[in-house]
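Each chain gets a letter, A, B and so on, in the order its sequence line appears, and its residues count up from 1. Below, all heavy atoms of this structure are taken into account, side chains as well, without hydrogens, waters or symmetry copies.
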Number of protein chains: 2
Amino acid sequence: MGLAHVNPERPTCPVETTLRAIGGRWKVLILRELFQEVKRFNQLHRALDGITQKMLTQQLREMEADGLVLRTVYPQVPPKVEYSLTELGRSLKPILDAMHDWGEQFFERRHSLPTRSTSAESR
Amino acid sequence: MGLAHVNPERPTCPVETTLRAIGGRWKVLILRELFQEVKRFNQLHRALDGITQKMLTQQLREMEADGLVLRTVYPQVPPKVEYSLTELGRSLKPILDAMHDWGEQFFERRHSLPTRSTSAESR
DNA sequence: TAAGCCAGTACCCAAAAAGAAACTATGGGA
DNA sequence: TCCCATAGTTTCTTTTTGGGTACTGGCTTA
């Protein structure tokens with residue numbers, strides 16, 4: 001278990017380890033959804049505006065292989081598959097929180113400051 | 001100033017704002033380098049193993065336009081250009097720290113747990 | 001006189017990632 | 001009999017990313 005799809009070369013610095021686990025356009029957003037609640041495939045598909053089925057499947061498979069996400073299949077007939085976070089997946093919460101806080105703070109700044117530039121001159 | 005290259009559609013959730021600012025393969029790693037110290041172009045180029053000049057230039061330009069990075073040109077003759085973090089750039093520290101901590105913790109787990117699977121059965 | 005240094009640009013081609021759309025399986029309901 | 005739903009897979013096309021090579025400018029060193 002754990003970051004299986006991640007290629008073995010250069011574990012280098014911890015930040016890179018994390019980047020390999022949740023880098024890319026979609027994984028952080030998938031995590032955001034799954035922190036809210038357990039979700040089914042089509043729920044995720046609808047929530048993540050713009051993602052294709054292929055990408056969603058692919059990202060979920062990688063996250064499952066990395067031990068971040070648990071995939072539970074119910075043997076029904078319209079198929080039912082639920083995705084939830086594993087303990088390892090939930091341990092990413094501080095990162096999501098930090099990203100949430102920064103994005104929010106940035107938005108507040110943008111609407112309070114009168115767009116004054118700090119840099120004296122460069123370029 | 002501020003996330004200039006970021007396209008205006010759907011500010012949606014704060015996590016997405018952050019993703020647009022530091023998403024992609026290189027920006028987090030560039031930030032990691034610049035948190036250590038102010039660096040010159042070739043210092044960054046050597047530190048970020050695998051990045052091409054083109055990519056480095058491109059990412060730095062976007063980060064500059066987004067107000068995360070300050071580019072300072074010294075009118076010397078072998079040219080000297082220094083890259084440093086702006087206040088906004090430094091405000092990303094909690095995210096970098098959280099990513100660092102997770103990567104480190106993951107590494108410890110991997111070497112302490114006897115690779116026991118939690119999932120009863122799925123797939 | 002020529003080559004070296006730094007911080008890039010410019011151009012072109014190859015590879016990888018992402019996306020769009022159609023297709024599949026199964027069973028229930030109209 | 002046809003259609004619907006879910007959770008994908010397959011195929012094809014487009015976009016993004018990566019890489020190579022060459023070029024610049026002006027001072028310094030050989």
Side-chain angles (χ1 to χ4, degrees), chain A residues 5-10 16 19-30 33-34 37-66 69-84 121-123, chain B residues 5-7 9-10 16 19-30 33-34 37-66 69-84 119 121-123:
Chain A
H5 89 278
V6 152
N7 71 346
E9 55 154 282
R10 291 190 309 123
E16 282 200 53
L19 260 190
R20 291 186 192 185
I22 61 167
R25 173 108 168 62
W26 297 112
K27 288 183 182 172
V28 168
L29 300 178
I30 292 173
E33 294 303 317
L34 295 183
E37 51 169 339
V38 172
K39 289 196 171 163
R40 299 178 60 173
F41 186 86
N42 274 352
Q43 269 183 293
L44 287 170
H45 191 206
R46 279 188 295 270
L48 297 162
D49 193 58
I51 198 172
T52 59
Q53 289 187 320
K54 190 181 76 171
M55 274 296 114
L56 182 54
T57 304
Q58 192 177 298
Q59 302 302 304
L60 285 170
R61 289 290 189 280
E62 288 182 8
M63 293 170 82
E64 193 194 355
D66 288 347
V69 158
L70 181 67
R71 179 173 180 271
T72 312
V73 181
Y74 295 86
Q76 299 180 353
V77 137
K80 178 178 174 183
V81 179
E82 278 185 352
Y83 291 92
S84 56
E121 50 103 24
S122 65
R123 196 187 268 236
Chain B
H5 89 278
V6 153
N7 71 346
E9 54 154 283
R10 289 190 311 121
E16 282 200 53
L19 260 189
R20 291 186 193 184
I22 60 168
R25 174 110 169 60
W26 297 113
K27 287 182 182 172
V28 168
L29 300 179
I30 291 172
E33 294 303 318
L34 295 184
E37 52 169 337
V38 172
K39 289 197 171 161
R40 300 178 59 172
F41 186 86
N42 274 353
Q43 270 184 294
L44 287 169
H45 191 205
R46 279 187 295 269
L48 297 162
D49 194 58
I51 198 171
T52 59
Q53 288 188 323
K54 194 176 71 171
M55 274 296 116
L56 181 54
T57 304
Q58 191 177 300
Q59 302 302 304
L60 285 170
R61 289 290 188 279
E62 287 182 9
M63 294 170 82
E64 193 194 355
D66 288 347
V69 158
L70 181 67
R71 179 173 180 271
T72 311
V73 182
Y74 295 87
Q76 298 181 353
V77 137
K80 178 177 174 182
V81 178
E82 278 186 352
Y83 291 92
S84 56
S119 58
E121 51 101 19
S122 65
R123 197 188 270 236

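One distance of note links CG of D66(A) with CD of Q59(A); it measures 10.5 Å at 0.5 Å rounding. In this structure, the separation between OG1 on T52(B) and CD on Q58(B) is 8.0 Å, given to the nearest 0.5 Å. Distance CH2/W26(B) to CG/L60(B): 12.0 Å, rounded to 0.5 Å. The distance from atom CG of L48(A) to atom CD1 of I30(A), rounded to the nearest 0.5 Å, is 6.0 Å. The structure places CG of L56(A) at 12.5 Å from NZ of K54(A), a figure rounded to the nearest 0.5 Å.
At whole-Å resolution of the value, CD in E64(B) and C1' in dA7(C) are 14 Å apart.
Within a heavy-atom distance below 4.0 Å of DNA chain C, no residue of residues 37-46 of chain A is found.
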With a cut-off of 3.5 Å and sequence neighbours excluded, list every side-chain donor-acceptor pair involving residues 38-47 of chain B.
from	atom 1	to	atom 2	distance (Å)
K39(B)	NZ	E33(B)	OE1	2.6
K39(B)	NZ	Q36(B)	OE1	3.3
R40(B)	NH2	P79(B)	O	3.2
Q43(B)	OE1	R40(B)	N	2.9
H45(B)	NE2	I51(B)	O	3.3

Going 5' to 3' through nucleotides 13-30 of chain C and flagging B where a protein heavy-atom sits under 4.0 Å of the base, S where only the sugar-phosphate is that close, and - otherwise, we get -----BBB-B----S---
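The phosphate of dA7(C) (OP1 or OP2) has no side-chain N or O of R61(B) nearer than 4.0 angstrom.
For DNA chain D, the contact window with chain A, defined by any atom under 4.0 Å from a protein heavy atom, covers dT6(D) to dT11(D) in 5' to 3' order.
The residue Y83(A) sits close only to the backbone: its heavy atoms come under 4.0 Å of sugar-phosphate atoms, none of a base.
Applying the salt bridge (charged side-chain N to carboxylate O under 4.0 Å, His left out) rule to K80(B) yields the partners E82(B); only residues at least two apart in sequence or on another chain are considered. I22(B) is linked by a side chain to side chain contact (heavy atoms under 4.5 Å, CB included) to T18(B), V28(B), L31(B), L68(B), L92(B), I95(B), counting only residues two or more places apart in sequence or in another chain.
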Let me see the working for M55(A) and R25(A) under side chain to side chain contact (heavy atoms under 4.5 Å, CB included), right down to the final yes or no. CA-CA 10 Å; M55(A) 274 296 114; R25(A) 173 108 168 62; over 6 Å; no
